[in-house]
Amino acid sequence: MKAGIVGLPNVGKSTLFNCLSNAKAQSANFPFCTIEPNIGVVNVPDPRIARLEELVKPERVQMATVDIVDIAGLVKGASKGEGLGNQFLGNIRECNAIIHVLRCFDNDNIVHVDGNVNPIRDKETIDIELQLKDLETVEKRLEKVNRAAKTGNKEAQVEQALLNRIKDALLQAKSARTVIPQNQDEEELFESFQLITAKPVLYVCNVDEASAVNGNKYVDQVRELVKDEQAEVIVLSVGAEADITELESYEERQMFLQDMGLTEPGSAVLIRAAYKLLNLQTYFTAGVKEVRAWTINIGDTAPKAAGVIHTDFEKGFIRAEVIAFEDYSNYGSEAKVKEAGKLRVEGKEYIVKDGDVMHFRFNV
């Protein structure tokens, strides 16, 4: 699961990506590795794993991770191949969610591609290019489906109706994600279209250091604009975040954050938000060999969660022993949780909750 950073040129995308790549401000144990020049595997900051480490004292700790992709800056005409348009659109199509960076700071030394700072216009530029590309995709698909629908093919008629609803939304400059599938069939079809504007989005307002806590007039404009999108808006001073990553010691970084009025780096807030945007959650395994955070989709059952460790765990699943993180933390050990009667035994239908500490029983 990947989240792609998008935006116009010179809005702070690559600086943000580099901040995430060096995000040691959260803790000493915050590594990053590059798969390709523009893909980073970033640990998801989670204080719960530090608490489990403190209680269990394992030989090693493994945090959950999320893939962040740095995508080239988009320009007007990208949908027609302008700039790096086709590469940009290809990269974004491969991502599962979008982190849209908007410039919300004034600085005469950093040139704006359109001459002046206006995050509303910038957002619309990107939205229109992505919508135009989706419109092209929808129209191509409709050409094929219309022929089949005329012959009375019921499946084609269902697809035709959904495509026409999406087309109408796109022609009104609305993203595909505003079209809600009416049933399971439509949901599966909708997903198969792989539309760019159907992807969930998170807006990052890149502000000056003085606006890092409370935002500014530009941030207010963005919040007002996206209030009906059910999208999260995060305020981040990318320049200050870059300065934080340059500091050597944890103490220096904490002092810098305190001076700014922040309790943790914005990069940590952003990574957690990206994880949530991808519909992901964490469960833990805790033993003396290893304390580990495992990534699953929200809504996954216990066998599905077991399968993340090994496919045999899912195939031969018998039951799961489950402790809520809060109980583990409060009682201080697995033995004490059992004594208190707080360990639960769950079967195949159990929907895993975020933060569950689990042991799986299986037989292959």
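The chain is numbered in sequence order, starting from 1.
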Legend entry - E54/R51 salt bridge by N-O under 4.0 Å criterion: yes

Legend entry - Exercise: do Q254 and Q258 side chains pair donor with acceptor under 3.5 Å: no

Inset, instruction - Indicate yes or no: does R361 engage E321 in a salt bridge with an N to O separation below 4.0 Å. - result: yes

Legend entry - K140 bridged to E136 by N-O distance under 4.0 Å: yes

Inset, instruction - Calculate, to the nearest 0.5 Å, the distance between atoms CZ and OG1 belonging to R253 and T245 respectively. - result: 9.0 Å

Legend entry - Residues E264, R272: salt bridge by 4.0 Å N-O rule: yes

Inset, instruction - State plainly whether one hydrophobic cluster holds both Y203 and V207, where clusters connect Ile, Leu, Val, Met, Phe, Trp and Tyr through side-chain heavy atoms under 4.5 angstrom apart. - result: no

Inset, instruction - List the atom of A176, the atom of A198, and the distance in Å for their closest heavy-atom pair. - result: CB-N, 4.0 Å

Inset, instruction - Could you tell me the separation between the CZ atom of R48 and the CG atom of L52, rounded to the nearest 0.5 Å? - result: 9.0 Å

Inset, instruction - Any chance you could lay out the side chain to side chain contact (heavy atoms under 4.5 Å, CB included) test for L102 and V204, step after step, and finish with the verdict? - result: CA-CA 6 Å; L102 294 163; V204 176; over 6 Å; no

Inset, instruction - Kindly indicate whether a cation-pi arrangement holds for R103 with F105, taking the cut-offs as under 6.0 Å to the six-membered ring centre and within 45° of the axis. - result: yes

Inset, instruction - Go through the steps for S249 and E252 under the test side-chain hydrogen bond (donor to acceptor under 3.5 Å, both in side chains), then give the verdict. - result: CA-CA 5 Å; S249 74; E252 283 178 302; 3.3 Å; yes

Legend entry - Basic-acidic side-chain contact under 4.0 Å: K338, E334: yes

Inset, instruction - Check the pair M63 / R292 against side chain to side chain contact (heavy atoms under 4.5 Å, CB included), numbers first and verdict last. - result: CA-CA 6 Å; M63 297 170 80; R292 181 162 183 163; over 6 Å; no

Inset, instruction - Write out all pairs satisfying ring pair (Phe, Tyr, Trp, His ring centres under 6.0 Å) with one or both partners inside residues 319-364, taking only residues at least two apart or from two chains. - result: Y283-F360, F313-F362

Legend entry - Test log, rule side-chain hydrogen bond (donor to acceptor under 3.5 Å, both in side chains), inputs N18 and T15: CA-CA 5 Å; N18 292 336; T15 310; 5.7 Å; no

Inset, instruction - Spell out, yes or no, whether L278 and I196 are grouped together once hydrophobic residues are joined by side-chain heavy atoms under 4.5 Å, including indirect joins. - result: yes

Inset, instruction - Classify the side-chain pair D122/T125 by whether it contains a donor and acceptor separated by less than 3.5 Å. - result: no

Inset, instruction - Could you verify whether a donor N or O on one side chain and an acceptor N or O on the other, from N43 and T65, lie under 3.5 Å apart? - result: no

Legend entry - Qualifying side chain to side chain donor-acceptor pair (under 3.5 Å) pairs with a residue from residues 293-307, counting only residues at least two apart or across chains: Y275-T295, T285-W294

Inset, instruction - Of all the heavy-atom pairs spanning Q62 and I49, show the shortest one and how long it is. - result: O-CD1, 3.3 Å

Legend entry - Criterion side chain to side chain contact (heavy atoms under 4.5 Å, CB included) on I126 and H100, from CA distance to verdict: CA-CA 9 Å; I126 296 235; H100 188 158; 3.7 Å; yes

Legend entry - Close side-chain approach of I234 to L202, heavy-atom, < 4.5 Å: yes

